[in-house]
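Here the structure comes first, spelled out in structure tokens, and everything after it is commentary.
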Amino acid sequence: MESVSPVALGTAGVRLTGFVSTDENGNWYVTRIAIACCAADASASRVRDEDYDDAPERDSWVAVTGRWVEGTAPGGKSETAIEADSVEPR
């Protein structure tokens, strides 16, 4: 799979599907778990939602459409984030 540079995302729309997880600060995330071989090597990837007031129920599956928040990226100083325009149950 070819990775996409955060610079290439710019203001392009993105759509993510995953389950809702939360943290102790009240933030919520679109989360996916990748399994390469077996459950023992599973790893979670999550993208924080930015400024979407109606947080869905934890552990529910959603499709989020919005825009990547500039300045957020894996390995950076902040979490990867999306500014959601819509959140639909799945």
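We count residues from 1, following the sequence as given.
No hydrogens or angles considered: a donor-acceptor pair under 3.5 Å links the side chains of Arg15 and Thr65.
The nearest pair of heavy atoms linking Trp28 to Val87 is CH2-CG2, 3.9 Å. The shortest heavy-atom contact between Ala44 and Thr31 is CB-CG2, 4.4 Å. Among all heavy-atom pairs drawn from Ala42 and Ile35, the shortest one is CB-CG1, 3.8 Å.
With contacts defined as side-chain heavy-atom distances shorter than 4.5 Å, the pair Asp85/Arg67 qualifies.
Following chains of ILVMFWY side-chain contacts shorter than 4.5 Å, one cannot reach Leu16 starting from Val69, and the two form parts of different hydrophobic clusters.
Looking at Asn27, its side chain never comes within 3.5 Å of a backbone N or O of Asp23 through a donor-acceptor pair.
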Item to complete: Please assess Tyr29 against Ile82 for the test side-chain contact (heavy atoms from CB on, under 4.5 Å), listing each intermediate value before the final yes or no.
Response: CA-CA 9 Å; Tyr29 302 82; Ile82 184 174; over 6 Å; no

Practice prompt. Would you please test Arg46 and Val30 for side-chain contact (heavy atoms from CB on, under 4.5 Å) and show each step?
Written response: CA-CA 6 Å; Arg46 66 185 193 173; Val30 179; over 6 Å; no

Worksheet item: Going through the checks in order, is the side-chain contact (heavy atoms from CB on, under 4.5 Å) test met by Val62 and Arg90?
Response: CA-CA 5 Å; Val62 294; Arg90 288 284 167 225; 5.6 Å; no

Practice prompt. Give the C-alpha distance, both sets of side-chain angles, the deciding distance and a yes or no for side-chain contact (heavy atoms from CB on, under 4.5 Å) between Ile33 and Phe19.
Written response: CA-CA 9 Å; Ile33 296 177; Phe19 65 92; 4.1 Å; yes

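Using a 4.0 Å cut-off between charged nitrogen and carboxylate oxygen, Arg48 and Glu83 do not count as a salt-bridge pair.
When each of Thr80, Val14, Val64 is paired with Val47, the side chain to side chain contact (heavy atoms under 4.5 Å, CB included) condition holds for Thr80 and for no other.
To the nearest 0.5 Å, atom CD of residue Glu50 and atom CH2 of residue Trp68 are 12.0 Å apart. Interatomic distance, CG of Asp54 versus CG of Asp49, reported as 10.5 Å (0.5 Å rounding).
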